[in-house]
Amino acid sequence: MADLSKLPLPVPTPETRHFWDGTKKHKLLLQKCDDCGNAYFPPRPFCPACASRSVQVFEASGNATLYSYVINHRPHPAFDGVYSIAVVTLEEGPRMMTNIINTPQTPEALVLDMELRVSFGEITNDITLPYFEPAEVST
Amino acid sequence: MKPNSVAIVGAAETTEMGRIPNTSQIMLHADAALNAMQDAGLKPGDIDGVACAGESPTNIAHYLGIVPTWVDGTQVGGCSFMLHVRHAAAAINEGLCSAVLITHGESGRSRVGTGRRGGGSGHTLAGQFEGPFGTMGPPSAFTLPFLRYMKETGTTLEQLANVAVVQREWAALNPRATFKDPITIDDVMNSRMIAYPFHIFECCLVTDGGGALILVSAERARDFPQKPVYILGSGESVETPMVSQMARFESSKAFAVSGKKAFEEAGISHADVDHLMIYDAFAHLPFYGLEDLGFCKPGEAGQFIMDRNTAIGGKLPLNTNGGGLSYMHSGMYGMYALQESVRQMRGIAPAQVPDAKISIAHGVGGMFAASGTIVMSNQEI
């Protein structure tokens, strides 16, 4: 990446703070409903499936599969060349946007449903982003 | 909504279209509004309801000298105007107002009088969980579901490119269309890559323009100079402000909910529809629209368009103004889809569908975030 300081950075809110504190410690944190068991993302202090306020934060496995993506060709000040913008399906069910890193940014290398593993990128003292890389790279 | 209770009696776009560097955004609203009032034979004093998106109804009412008893500033993106039509019909039925002006104006290309673009959204969910990964607006985010759609349905990149080809054929019949020259599938697939797998010809235009509509009760509609276009039914819904959080990438929940509601209210079947507009910000949108509204089975829309069902002479003429891909796209295109449906129902469209009696204008807001569907007819059924 060319210049990480040019990334539009997240501004954590009281309801999402735990997530960003988690990535800083290289933990991918999701939430789960105590009443219906639903695991969900993005963070909020109630269950979007049943509206229960009784929810807990838990650490995800970090395993995911590639759901869909584009390879952006327009220049972005924070990126070198073309780059993938992807949505991954976490092992626990929720989906999240990310970049697929440590692999060529090509349709040949990025195959839907390939297995991925979380990888953390420290952007500032406060913000660490959750990226994903091919599982074979991690092992 | 009671069938036929409300009709569109005024409809117009801005005097100019495309690149309008000498006009501010609020004046694009006003220009379209003045044209629509002239079309309906009304003055600002005859209007008592105002709905708009992109500017607040306060700004528009004051600018035009209207004293409204009802306003609607619903802003859910490019389909906001479909929702305005729906809400206006309910308001007229309820007696909250009697003549509603709906306006759109957007200096999408020239950015005259539009205020600041973007910025300051890092605290939103999309700002926290999408923006940091390098999304650059709709071209790199609205397009994100499509590879999954392809894998699940077997749809091909040629079928995606073909959407732009067929719509360009319609645009060739429209003197006001931005792009009219014929293109081939190869032309599309060799055009500049924007966000794989989308080429520039599969992305909408960025232009300036506007449009306005005027609605009154069906009983009054007969007294106006133009042929009334009746609202038979309508639908609306929203799903998510984050494309990454759509329930499924091969279908839009907001499309399905809005479309079903509109068909139910109108009491029509798919075979009754003579003309269709599906907001095409990108070339995959017609696939989702055709399937989620029930015109095609899941995964069959690409071949349906390839088989020329939506082309000139086909059984379901689609995006007959050339669409966002070839006609114009100011940023919130829903108004132009509505305008083309009205022209088709009045029988005055440049690419007129012979004997068309029922038209549907289906809009999207945000990136599969919202949806609105309007069923219109020129018949007092």
Side-chain angles (χ1 to χ4, degrees), chain A residues 1-2 4 6-17 19-20 23 40-44 48 66-79 82-89 94-101 105-107 110-113 121 123-124 127-132, chain B residues 118-155 157 160 191-200 202-203 206 239-251 282 284 367-368:
Chain A
M1 287 185 193
L4 294 176
K6 298 278 172 57
L7 274 183
L9 289 182
V11 179
T13 60
E15 297 78 21
T16 65
R17 184 79 246 176
F19 179 88
W20 297 112
T23 55
Y40 64 91
F41 175 88
R44 72 206 87 168
L66 181 55
Y67 187 55
S68 200
Y69 67 92
V70 294
I71 302 170
N72 185 39
H73 282 243
R74 293 189 302 157
H76 187 300
F79 291 83
V82 305
Y83 60 96
S84 62
I85 303 169
V87 174
V88 300
T89 306
R95 296 202 186 103
M96 61 188 299
M97 190 176 280
T98 187
N99 303 121
I100 309 300
I101 62 170
Q105 304 294 288
T106 62
L110 299 169
V111 178
L112 294 202
D113 299 315
I123 310 299
T124 66
I127 295 296
T128 294
L129 294 176
Y131 297 123
F132 283 80
Chain B
S121 60
H123 64 285
T124 65
L125 289 178
Q128 291 187 64
F129 300 109
E130 293 194 335
F133 303 106
T135 54
M136 295 178 65
S140 57
F142 211 159
T143 49
L144 231 169
F146 187 65
L147 285 184
R148 171 56 54 181
Y149 174 96
M150 276 180 69
K151 175 155 182 174
E152 298 299 327
T153 64
T155 299
L157 291 176
L160 180 71
S191 68
R192 182 156 59 92
M193 188 65 82
I194 297 297
Y196 172 85
F198 285 79
H199 307 83
I200 194 160
E202 292 155 335
C203 303
V206 181
E239 183 179 357
T240 166
M242 305 167 74
V243 71
S244 63
Q245 300 304 311
M246 288 173 73
R248 295 162 63 221
F249 270 20
E250 60 272 34
S251 170
F282 295 89
H284 60 321
M367 296 179 270
F368 290 118

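Lettering of chains follows the sequences in order, A, B, ..., and the numbering in each one begins at 1.
The candidate with the highest count of non-hydrogen atom pairs below 4.5 Å against chain B, out of Ile127(A), Thr98(A), Leu9(A), is Thr98(A). The candidate with the highest count of non-hydrogen atom pairs below 4.5 Å against chain A, out of Gly134(B), Ser244(B), Gly131(B), Gly127(B), is Gly134(B). Contact count against chain B (heavy-atom pairs under 4.5 Å) is highest for Arg74(A) among Arg44(A), Arg74(A), Arg95(A), Glu15(A). Between chain B and the residues Val82(A), Asp113(A), Val88(A), the largest count of heavy-atom pairs under 4.5 Å involves Asp113(A). Contacts with chain A were tallied for Pro139(B), Pro145(B), Pro197(B); Pro139(B) has the most, counting heavy-atom pairs under 4.5 Å. Of the listed residues (Ile194(B), Leu125(B), Thr143(B)), the one with the most heavy-atom contacts under 4.5 Å to chain A is Ile194(B).
Residues Met242(B) and Pro42(A) have side chains in contact (heavy-atom distance under 4.5 Å, counting atoms from C-beta outward). In this structure, Phe133(B) and Tyr83(A) have side chains that are not in contact, with every pair of non-hydrogen atoms separated by 4.5 Å or more.
Listed by chain and residue number, nothing satisfies the ring-ring contact (aromatic ring centres under 6.0 Å, His included) test with Tyr69(A) (two or more places apart in sequence, or in another chain).
When all heavy atoms are compared, the tightest approach of Val70(A) to Ala195(B) is CB-CB, 4.1 Å. Pairing each heavy atom of Ile85(A) with each of Leu144(B), the nearest pair is O-CD2, 3.7 Å. Across Tyr67(A) and Glu250(B), no two heavy atoms sit closer than the pair OH-OE1, 3.6 Å.
Using a 4.5 Å cut-off between heavy atoms, Tyr149(B) makes no contact with chain A at all. When heavy atoms are compared at a cutoff of 4.5 Å, Pro48(A) does not approach chain B at all. If you measure heavy-atom distances from Glu130(B) to chain A, the contacts under 4.5 Å come from both the backbone and the side chain. When heavy atoms are compared at a cutoff of 4.5 Å, Ala126(B) does not approach chain A at all. Using a 4.5 Å cut-off between heavy atoms, Phe19(A) contacts chain B through its side chain alone, with no backbone atom that close. Heavy-atom distances place no part of Pro94(A) under 4.5 Å from chain B, backbone and side chain included.
Summarising the geometry, atom CG belonging to Leu66(A) is positioned 9.0 Å from atom NZ belonging to Lys151(B); distances are rounded to the nearest 0.5 Å. For the atom pair OG1 (Thr16(A)) and CD (Gln128(B)), the distance works out to 3.5 Å, reported to the nearest 0.5 Å. For the atom pair Met136(B) CE and His73(A) NE2, the distance stands at 12.5 Å (nearest 0.5 Å). Taking CG from Leu147(B) and CD1 from Ile71(A), the interatomic distance works out to 8.0 Å, rounded to the nearest 0.5 Å.
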Discussion item. Would Val243(B) and Met97(A) count as a side chain to side chain contact (heavy atoms under 4.5 Å, CB included) here? Give the steps.
Written reply: CA-CA 9 Å; Val243(B) 71; Met97(A) 190 176 280; 4.0 Å; yes

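Using bins of under 30°, 30° to 60° and over 60° for the plane-to-plane angle, the ring pair Trp20(A)/Phe129(B) lands in the parallel bin.
Thr13(A) places no side-chain N or O within donor-acceptor distance of the main-chain N or O of His123(B), the cut-off being under 3.5 Å.
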